[in-house]
Amino acid sequence: MKTFGMVLFYALLALGVTVIIVTAFRTKRFISALILSVLQGIGSLFAVNFIGSFISVHIPVNALSLSVSSIGGAPGVALLLFSQVLFR
C-alpha cells in the first residue's frame with residue numbers, strides 16, 4: 001500500500017508541476033510567474049504550519065517539504081497535507 005501511495009504522490013506532483021509550467025508559459029511572463037508560484041508555495045507552507053498549530057496540523061519544514069511546496073506551489077502544499085493524512 002505504501003508503494004501505491006508513493007506512486008500516487010509523485011504522479012500528482014508531476015501533474016501539478018506540469019500545470020504550473022504550462023500556465024507560466026501561457027502568461028508570457030515565465031520567470032515572474034514561476035517566482036510568484038514559488039513564493040506562494042513557501043508562504044502557504046508556513047501559513048499551514050501557523051494556522052495548523054491551532055488545530056494540530058503540522059507539516060515539518062525540511063528539504064523535501066520546501067522543495068515540494070516551491071515546485072508545486074499551493075497545490076504542492078495541499079498534496080503534502082493529503083499525503084500526511086494518507087500515511088498516518
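For the numbers below, each heavy atom of this structure counts, side chains included, while hydrogens, waters and symmetry mates do not.
Taken together through direct or relayed side-chain contacts under 4.5 Å among Ile, Leu, Val, Met, Phe, Trp and Tyr, Ile31 and Ile71 form part of one hydrophobic cluster. Linking Ile, Leu, Val, Met, Phe, Trp and Tyr whenever their side-chain heavy atoms come within less than 4.5 Å leaves Val19 and Leu36 in two separate clusters. Hydrophobic clustering places Ile55 together with Leu45 (ILVMFWY residues linked when any side-chain heavy atoms are closer than 4.5 Å, directly or through intermediates). Under a hydrophobic clustering in which Ile, Leu, Val, Met, Phe, Trp and Tyr are joined whenever their side-chain heavy atoms come within less than 4.5 Å, directly or via other members, Leu80 and Leu15 fall into different clusters.
Residue pairs meeting the ring-ring contact (aromatic ring centres under 6.0 Å, His included) criterion with at least one partner in residues 32-51, sequence neighbours excluded, are Phe50-Phe54.
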Give every donor-acceptor pair under 3.5 Å between a side-chain atom in residues 61-70 and any protein atom, sequence neighbours left out.
| from | atom 1 | to | atom 2 | distance (Å) |
| --- | --- | --- | --- | --- |
| Asn62 | OD1 | Leu64 | N | 3.3 |
| Asn62 | OD1 | Ser65 | N | 2.9 |
| Asn62 | OD1 | Ser65 | OG | 3.1 |
| Ser65 | OG | Pro60 | O | 2.8 |
| Ser65 | OG | Asn62 | N | 3.0 |
| Ser65 | OG | Asn62 | O | 3.2 |
| Ser67 | OG | Ala63 | O | 3.0 |
| Ser67 | OG | Leu64 | O | 2.9 |
| Ser69 | OG | Ser65 | O | 3.0 |
| Ser69 | OG | Leu66 | O | 3.1 |
| Ser70 | OG | Leu66 | O | 2.9 |
| Ser70 | OG | Ser67 | O | 3.1 |

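Between the side chain of Gln84 and the backbone N or O of His58 there is at least one donor-acceptor pair closer than 3.5 Å.
For the pair Gly73 and Ser44, the tightest heavy-atom approach, listed with the atom from each and the gap, is O-OG, 4.4 Å.
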